[in-house]
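All values below were derived from every heavy atom in this structure, side-chain atoms included, with hydrogens, water molecules and symmetry-related copies excluded.
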Amino acid sequence: KKYFVHTKMITGVFISNFRGDVLFRRYTRPDEVKGDLGEVFRVGVVLPGEITQSPIVRINNVSFCYIKVNNLFIVATTSHNADCFSIFEFLGRFSDILEVYLEGKFDQKHIEARLPLIYELIEEMLDYGYPLISDIESVDKFLTQGRITEAMITNASQRKQKKVSGRSHTAEQLTETATGMTPWRAPGIVYKRNELWVDVVENMHLLVSPSGSILRSYIDGKIQLKCQLSGQPQCEFGMNDKLLVEKERASGKAIDPSASSKKGADTLASLDDLSFHQCVRLPRFEADRTVSFVPPDGCFTLLTYRTSQHINVPFKVISHVQQNSDDRITYDVSVVSQFEPSKSGTKVIIKIPTPPNTALCNVTVKGIGKAVYKAEEGGIVWRVKKFPGKVETSLRATVELLSSSVKQNWDRPPITMQFAVHTFAASGLRIRYLKVSEKSGYHPHKVRREERREERGEKRREKRREKRKENRKEEGRSEK
């Protein structure tokens, strides 16, 4: 069930054809309706051809929110500053439910034939303009003009189900997918090798002064999963979330030793603005901060977060820009990697802006990487393929400017840096544990991506060695 409250909502719902003729009309707040809104929509939207401009049109202090389904318009009207996203969510669910009852025949003929059913649907789904019930099973219990059957749900599922190669769905499986508790995961999934990949991806945003001190910083992060598990697995994992660890310590529960150590205590992640995939059980997370879920098949984003506390900056950039004369500027830029030597940064690109009237630029790199001046990018581009940890490199550039009688003001935009550091979480977020259980009883084992890469590399090297041995044997036979 879906409940929308604390917002003035829908005053009326109607369905019209492509000419603007109203096929169905129901006002949920008749005291707020002035005139024929269907005629206003036909004259103001359909006839002038405004249907391609915007899904929301406001005419005479009335907002018309509409969607188009098979050359028919489903329109919701409101005379208040309502939540348009909730209105469109209701319109989408209403059209999906109505399509099931019409058995996919969403046209003018079948709409006019099932008007009593549509009136009942609106009465049950809207309560004085507030969307109340949007689940097809719950709505069906209150209707008297028609009931859904298993065949109707199966046909609706077949129309919407994506074709997946190598997987067969029976009518029972499609019914379970449409009406079960996990509509995001189809039943009957089988893999020879059960794997669940977890990636923590973070985008860091920093504003640093020329001396290297941090002025502003925050991280937008997400946890991505790639699920290749059979059946209906129950998954859960815990993080070194600051609230969770403090709660466990206060209750005296045993926690992960790494989280209670000095190093772990310093790297507790304080996560804000959490947003979850629909598969996550929110009551469980609110109770004990455990992320419990039945994952969909394939790749998806489990949760997103933001943090601005205790950020570990992987690189430190120190710049010194000096203008020696009106036509000469000297740049001294140093970059220091502050992560462990066992890690390395990749795809490092540092862009140092120069004035638009730059005539000549001499660049010297003391350390790693290559730097060139690119006028089309507005400055010096410094690229480093692999940046090891605990390493310092520097750049010195001399820029000669074109002389001009008019003094040009230059705002000196900041130096920008792009990079990627694998197995490094700037927020300090760590996955403390990951559990997977399924009724068939398979037990996945933990493997790091680096170990999997080494395993695959070892297999490739073994194949090369065997091939070289075979080539030597063939060469020896040919010599004989």
Exercise. With sequence neighbours excluded, what pairs up with Phe64 under the ring pair (Phe, Tyr, Trp, His ring centres under 6.0 Å) test?
Worked result: Phe41
Problem set entry | Pairing residues for His110 by the ring pair (Phe, Tyr, Trp, His ring centres under 6.0 Å) criterion, not counting sequence neighbours | none
Exercise. Does Tyr27 have its ring centroid less than 6.0 Å away from the ring centroid of Phe14?
Worked result: no
For this session: Under the salt bridge (charged side-chain N to carboxylate O under 4.0 Å, His left out) rule, collect the residues that match up with Lys105, sequence neighbours excluded.
Result: none
Problem set entry | Note: Glu340-Lys343 ion pair, threshold 4.0 Å (strictly below) | yes
Exercise. In terms of side-chain geometry, is the basic nitrogen of Arg284 or Glu236 positioned less than 4.0 Å from the acidic oxygen of its partner?
Worked result: yes
Exercise. Ser275 side chain to Thr304 main-chain N or O, any donor-acceptor pair under 3.5 Å?
Worked result: no
For this session: Check salt bridge (charged side-chain N to carboxylate O under 4.0 Å, His left out) between Arg26 and all other residues, then give those that pass, not counting sequence neighbours.
Result: Glu123
Exercise. For Phe339, what residues pass the ring pair (Phe, Tyr, Trp, His ring centres under 6.0 Å) criterion, not counting sequence neighbours?
Worked result: Phe315
Would you be so kind as to tabulate the donor-acceptor pairs closer than 3.5 Å made by side chains of residues 276-283, with sequence neighbours excluded?
{"unit_1": "His277", "atom_1": "ND1", "unit_2": "Cys279", "atom_2": "N", "d": "3.1"}
{"unit_1": "Arg281", "atom_1": "NH1", "unit_2": "Ser292", "atom_2": "OG", "d": "2.7"}
{"unit_1": "Arg281", "atom_1": "NH2", "unit_2": "Gln234", "atom_2": "OE1", "d": "2.5"}

For this session: Return the set of residues passing salt bridge (charged side-chain N to carboxylate O under 4.0 Å, His left out) with Asp107 (not counting sequence neighbours), or none when no residue passes.
Result: none
Problem set entry | Side-chain donor-acceptor contact under 3.5 Å, Glu438 with Ser440 | yes
Problem set entry | Partner set under side-chain hydrogen bond (donor to acceptor under 3.5 Å, both in side chains) for Tyr331, not counting sequence neighbours | none
For this session: Please collect all salt bridge (charged side-chain N to carboxylate O under 4.0 Å, His left out) contacts where either partner lies in residues 299-311, sequence neighbours excluded, each pair once.
Result: Asp220-Arg306
Problem set entry | Stepwise side chain to side chain contact (heavy atoms under 4.5 Å, CB included) check, Lys347 with Phe419 | CA-CA 5 Å; Lys347 301 178 182 179; Phe419 57 87; over 6 Å; no
Problem set entry | Results of side-chain hydrogen bond (donor to acceptor under 3.5 Å, both in side chains) for Thr144 - residues two or more places apart only | Glu120
Exercise. Is the shortest distance from a Lys or Arg side-chain nitrogen in Glu462 or Arg465 to a carboxylate oxygen in the other one below 4.0 Å?
Worked result: yes
Exercise. Is Lys68 positioned over the aromatic face of Tyr66, cation under 6.0 angstrom from the ring centre and no more than 45 degrees off axis?
Worked result: no
For this session: With sequence neighbours left out, write down each residue that passes salt bridge (charged side-chain N to carboxylate O under 4.0 Å, His left out) with Glu377, or none if nothing qualifies.
Result: Lys351
Seminar exercise, completed: Sorted by chain and number, sequence neighbours left out, ring pair (Phe, Tyr, Trp, His ring centres under 6.0 Å) with Tyr218 holds for His205
